[in-house]
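These notes are about the structure you will find just below.
Nothing here was measured: the structure is a model prediction, and the numbers come from that model. Indexing begins at 1, ligand by ligand and atom by atom, following the structure's order. In what follows, every heavy atom counts, from backbone to side chain, and hydrogens, waters and symmetry copies are set aside.
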Amino acid sequence: MKTQAIKKVVIAGGGTAGWMAAAGLSKLLGKTIEVSLIESDEIPTVGVGEATIPTLHIFHQLLGIKEPEFMAATNATFKLGISFENWRDIGKDYIHSFGFLGQGCWAAGFQHFWLKGRQQGFAADLGDYIPEHLASRVGKFAVVANQERNHAYHLDAGLYAQFLRVIAEKNGCTRIEGKIKDVNLNPENGYIKSLTLASGTEITGDLFIDCTGFKGLLIEEALHTGYEDWSHLLPCDSAVAVQTKTVGKPVAYTRSIARDAGWQWRIPLQSRTGNGLVFCSKYMTDEEAKQALLANVEGELLNEPRVIKYKTGTRRKHWNKNCIAVGLSAGFIEPLESTGIHLFQRAIIRLIQMFPSNGISQTDVDEFNQQTKVQTDAIKDFIILHYHLTDRKDTPFWRYCRNMDIPESLAHRMKMFKESGKIFRDPDDLFGDTSWIQVMMGQGLMPEQYHPIVDLMSDIELQNFLDKIKTGVKRKVDSWPDHNDFINHYCQSNQA
Ligand SMILES: Cc1cc2nc3c(=O)[nH]c(=O)nc-3n(C[C@H](O)[C@H](O)[C@H](O)COP(=O)(O)OP(=O)(O)OC[C@H]3O[C@@H](n4cnc5c(N)ncnc54)[C@H](O)[C@@H]3O)c2cc1C
């Protein structure tokens, strides 16, 4: 049985998620549906989601967003990966870059060829076989026509919401200023009927998108959907954030520096840097976290440090009755691999693909929830990997992470890689082989053997093969301009 046709969509909340949903729905479905967004100036946004992954191109392409315009408007820089410092152990660093690692064959990925080359003593560092890895280290960047776009951005979350708001309003979305006071349910079926604002105005709708942040005003406080708590696997539950003036040239990667009870981020925008410390409150107080962060930032402080509390996990259903949670209201996997905005975008695109114009069917709802679950579970495993696979034993936090039980799916992947260097990607995995290899090896997991097909090559053939790839990567990156010069010509921000 279906509900009535969906004509009127109401988005509650105007943070990153709300304006992404408003821009997407109004641009792509605005001719057939009415879209409105309610936000309250009294309730601040979280406003710290500032590092992204390359999938954002898909969303921007759908919306017809021009990269230089978007980057200038959001004070953005390019991001080619993440530098993980002190994660494997103190003083041991590696980069997880975007892009593809070398070139393998049908039976064995490039890592097998590299492993034998390393054993024989002639392979270079793994990163020398990935253009994005080398470019991030030497500070080079280019956007090349017809080339796969393996870059992401560091952006200002507040400016990004403003940028998307212009697109949404241009495409007919109505913005309503006001604080939602009550969520009114239809007593017959429990569906959301309307939202009452503090002013007394009642806003009715057929479909409601909950973008109200952690509290999930509609999906949780009204519909009691429930939350799956992942704190035992990802124990950090707090963050303290502060902005500073950018010192020197911004680098084309995010820095993630492991600390005693969590990790610190540095996200370089054109004119300022986003800094934060993600930590576990069991091992560190808010005040200790503030002091630890302030002792490790560069440049003039631009605001007061702000503490944010959260519970890592996911809403039991992201679509419940006529309400879909997008953003922090749907759950939160901590920001280590910058997957937040990606998940918002996936939910919006999935909703557009499955849009219930003729009414909501439980089959669609179940499918939506199932696809969402599979995708978030795969991301969760990848994030746990960073914490669990460590040699650090120096603090109670790291000892907990090393010893905690991990999901069977992750244990299997690690075991297979260790025993044979093999990686098999599930179709729903967000992170590809290159990502898994870089993080597993970066955290110290080296396969015990390589695939025997590599032995079809003589040592000299293998050496030539590896050298050719490395030289090609270097030649390519050498031809790119300096990252900062490129930004100045391509997308200089008016804030810089
Ligand atoms: C510490 C931290 C770091 C993060 N870093 C990243 C990152 O680097 N990359 C990434 O992709 N993601 C990151 N995220 C996740 C996510 O991208 C950001 O947190 C993002 O800003 C969340 O946006 P949101 O719209 O879901 O929530 P919010 O920003 O909280 O917005 C909620 C909106 O709802 C409105 N609202 C709430 N209640 C009411 C009400 N009663 N009436 C009317 N309006 C209401 C508010 O006014 C606001 O507009 C991070 C999250 C955290 C906590």
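Neither side chain, Gln270 nor Asn75, offers a donor N or O lying under 3.5 Å from an acceptor on the other. Trp265 and Thr254 are not linked by any side-chain donor-acceptor pair at a separation below 3.5 angstrom, with hydrogens and angles left out of the test.
One option in Leu56, Ile341, Leu328, Thr45 has a heavy atom closer to atom 22 (C) of ligand 1 than any other, and that option is Leu328. Closest to atom 2 (C) of ligand 1 by heavy atom, among Ile308, Leu217, Val48, is Val48. Considering Ile53, Val46, Thr52 only, the shortest heavy-atom separation from atom 28 (P) of ligand 1 involves Val46.
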Walk me through it: do Glu50 and Arg272 pass the test salt bridge (charged side-chain N to carboxylate O under 4.0 Å, His left out)?
CA-CA 12 Å; Glu50 303 199 317; Arg272 69 157 175 83; 2.8 Å; yes
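Relative orientation of the Trp398 and Tyr387 rings is parallel, given thresholds of 30° and 60° on the angle between their planes.
Close contacts of ligand 1 with Ser338, meaning ligand atoms under 4.0 Å from a residue heavy atom, involve 9 (N), 11 (O). With ligand atoms numbered from 1 in the order given, ligand 1 contributes 43 (C), 44 (N), 47 (O) to contacts under 4.0 Å with heavy atoms of Ser40.
A donor-acceptor contact shorter than 3.5 Å links the side chain of Thr376 to the backbone of Thr372.
For Val278, no heavy-atom contact with ligand 1 is shorter than 4.0 Å. Proximity of Ala157 to ligand 1, defined as any heavy-atom pair under 4.0 Å, is not found for any part of the residue. The residue Tyr310 has no part lying near ligand 1, judged by heavy-atom distances below 4.0 Å. At a heavy-atom cutoff of 4.0 Å, ligand 1 is contacted by the backbone of Glu50 but not by its side chain.
Between His96 and His386, a ring centre-to-centre spacing not shorter than 6.0 Å is recorded.
Scanning for side-chain hydrogen bond (donor to acceptor under 3.5 Å, both in side chains) contacts around Thr45 gives an empty result, with sequence neighbours left out.
Nearest non-hydrogen protein atom to atom 15 (C) of ligand 1 is Phe332 CE1, 3.8 Å.
Checked against a 3.5 angstrom limit, the closest N/O atoms of Ala17 and ligand 1 fall inside it.
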